[in-house]
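Only one structure is covered here, and it is reproduced in the block below.
In this text, all values refer to a predicted model and were calculated from it rather than measured experimentally.
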Amino acid sequence: MRIVAGEFKGFPLFSAKSSKVRPTADACKERIFSIIGSCQGKKVLDLFAGFGGLGLEAISRGAEFAQFVDASAASLSIVKKNIAKLQIASRCQLSQKKADAFLKKCQQKFELIFLDPPYDFGLVNDCLNLIAAQNLLAPSGVIVAEHSPKEKVESEDFAIFKTKKSGSTVLTFLEEKS
């Protein structure tokens, strides 16, 4: 796992062998960021952060701030090591909580939200409903959901503007409905 582009391009990131964590592949990260464009000055939410690859990539590409959320203390300890390695602690915050608990209490808006939950548990749609209910997506913001091809992403509040298949992963990009 490494940073693909930006200020920290090429930096290897700490990770761990875990059957519960599925880091986003470099090629998949490249697809994501080529579609969403600039991260400059954005506030980012990396939900189900795992080892933090997406949020750290966004910081490297100019994001102002990244909030990392994961229920696993082991995963967040690796995110913390990566943040220390990159010396970006002032631009990051970590929360050890389940995604739904975090979303229900969150009051901050984000321009970019990454959802990469465990596959096939319906968590993407549950999170989309909570993001909408809490009004967490800033105007012109984007949500990027990684999910299995078996999981159908549906939302009454957000419009899908692009879908890309990458191996056993589907990337769904959403924005507020106009």
Side-chain angles (χ1 to χ4, degrees), residues 1-15 21-70 75 78-79 82-83 86 88 91-92 94 99 102-103 109-121 123-128 131-132 136-155 157-177:
M1 217 169 83
R2 67 182 176 93
I3 301 287
V4 175
E7 179 182 355
F8 304 111
K9 180 180 180 176
F11 271 64
L13 297 172
F14 294 108
S15 62
V21 178
R22 178 187 25 76
T24 303
D26 290 349
C28 199
K29 279 194 267 188
E30 287 179 14
R31 278 189 197 94
I32 290 169
F33 287 93
S34 70
I35 291 168
I36 60 175
S38 174
C39 290
Q40 200 63 43
K42 292 184 178 179
K43 290 183 176 77
V44 176
L45 173 59
D46 191 347
L47 206 54
F48 305 96
F51 305 135
L54 291 171
L56 295 169
E57 186 75 34
I59 291 276
S60 180
R61 292 171 184 248
E64 173 185 317
F65 171 81
Q67 172 77 55
F68 298 89
V69 179
D70 203 289
S75 290
I78 293 172
V79 175
N82 284 321
I83 289 168
L86 299 173
I88 55 172
R91 297 165 62 189
C92 302
L94 285 77
F102 175 84
L103 292 172
K109 288 190 182 285
F110 300 93
E111 287 86 12
L112 181 55
I113 298 175
F114 294 113
L115 295 176
D116 189 9
Y119 283 3
D120 301 322
F121 288 95
L123 296 171
V124 171
N125 290 328
D126 290 347
C127 288
L128 290 174
I131 290 165
L136 301 179
L137 187 64
S140 302
V142 173
I143 300 170
V144 181
E146 287 187 55
H147 56 93
S148 86
K150 294 185 244 176
E151 194 167 0
K152 184 168 172 54
V153 174
E154 300 174 305
S155 175
D157 302 287
F158 302 110
I160 296 172
F161 69 89
K162 190 173 266 307
T163 303
K164 285 279 189 189
K165 190 167 188 297
S166 182
S168 63
T169 297
V170 176
L171 302 171
T172 300
F173 298 80
L174 303 103
E175 61 191 358
E176 283 189 339
K177 287 186 175 177

Would you check, one step at a time, whether the test side chain to side chain contact (heavy atoms under 4.5 Å, CB included) holds for L137 with E176?
CA-CA 8 Å; L137 187 64; E176 283 189 339; 4.1 Å; yes
Could you walk me through whether L13 and F51 pass side chain to side chain contact (heavy atoms under 4.5 Å, CB included), step by step?
CA-CA 8 Å; L13 297 172; F51 305 135; over 6 Å; no
Stepwise, does the side chain to side chain contact (heavy atoms under 4.5 Å, CB included) test hold for F33 with E57?
CA-CA 9 Å; F33 287 93; E57 186 75 34; 3.3 Å; yes
Would L47 and L103 satisfy side chain to side chain contact (heavy atoms under 4.5 Å, CB included), going step by step from the backbone distance to the final call?
CA-CA 9 Å; L47 206 54; L103 292 172; 3.7 Å; yes
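Residues passing the side-chain hydrogen bond (donor to acceptor under 3.5 Å, both in side chains) test with Q67 are S95, sequence neighbours excluded. Judged as a side-chain hydrogen bond (donor to acceptor under 3.5 Å, both in side chains), and not counting sequence neighbours, the contacts of K109 are N135. Partners of S148 by side-chain hydrogen bond (donor to acceptor under 3.5 Å, both in side chains), not counting sequence neighbours, listed by chain and number: D120. Take F11 and apply the ring pair (Phe, Tyr, Trp, His ring centres under 6.0 Å) test, not counting sequence neighbours, and it matches F8. Listed by chain and number, the residues in a side-chain hydrogen bond (donor to acceptor under 3.5 Å, both in side chains) with R91 amount to none (sequence neighbours excluded).
Here the shortest heavy-atom pairing between F114 and A58 reads CE1-CB, 4.3 Å. In this structure, V124 and P117 approach most closely via the heavy-atom pair CG2-CG, 3.6 Å. Contact between C92 and F65 at its shortest, heavy atoms only, is C-CE1, 4.1 Å. Between P149 and V170, the closest heavy-atom pair is CA-CG2, 3.7 Å. Of all heavy-atom pairs spanning A145 and L174, the tightest one is CB-CD1, 4.5 Å. Closest approach of C28 to E146, counting heavy atoms only: SG-OE1, 4.4 Å.
With rounding to the nearest 0.5 Å, the separation of CE in M1 from NZ in K29 is 5.5 Å. Of the inter-residue distances, the one linking F48 atom CZ with D116 atom CG reads 9.0 Å to the nearest 0.5 angstrom. Note: T163 OG1 to L171 CG = 9.0 Å, rounded to the nearest 0.5 Å. How far NZ of K162 is from OG1 of T172: 12.0 Å, rounded to the nearest 0.5 Å.
No side-chain donor-acceptor contact under 3.5 Å links D70 to the backbone of S75. Checked by atom type and distance alone, the side chain of S60 pairs as donor or acceptor with a backbone atom of A5 at under 3.5 Å. A donor-acceptor distance shorter than 3.5 angstrom exists from the side chain of D46 to the backbone of G55, with no hydrogens or angles considered. Between the side chain of N125 and the main chain of V153, no donor-acceptor pair closer than 3.5 Å is present.
Within 6.0 Å of the NZ atom in K177, the count of heavy atoms belonging to other residues, nucleotides or ligands exceeds 12. Heavy atoms of other residues, nucleotides or ligands lying less than 6.0 angstrom from CZ of F121 number 12 at most.
Of the options V144, L45, I131, a side chain to side chain contact (heavy atoms under 4.5 Å, CB included) to L115 is made by I131 and by none of the others.
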Please tabulate, for the side chains in residues 37-44, all donor-acceptor contacts under 3.5 angstrom to protein atoms that are two or more places apart in sequence or on a different chain.
from: S38; atom 1: OG; to: Q40; atom 2: N; distance (Å): 3.0
from: K42; atom 1: NZ; to: S38; atom 2: O; distance (Å): 2.9
from: K43; atom 1: NZ; to: E64; atom 2: OE2; distance (Å): 3.4

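Between R61 and I3, every side-chain heavy-atom pair lies at or beyond the 4.5 Å cut-off. Residues I143 and L128 have side chains in contact (heavy-atom distance under 4.5 Å, counting atoms from C-beta outward). I113 has its side chain out of reach of V142: every pair of non-hydrogen atoms, C-beta onward, lies at least 4.5 Å apart. By the 4.5 Å heavy-atom criterion applied to side chains, L56 and L54 are not counted as neighbours.
For the residue pair H147 / T169, no side-chain donor-acceptor distance below 3.5 Å is found, with atom types taken as modelled.
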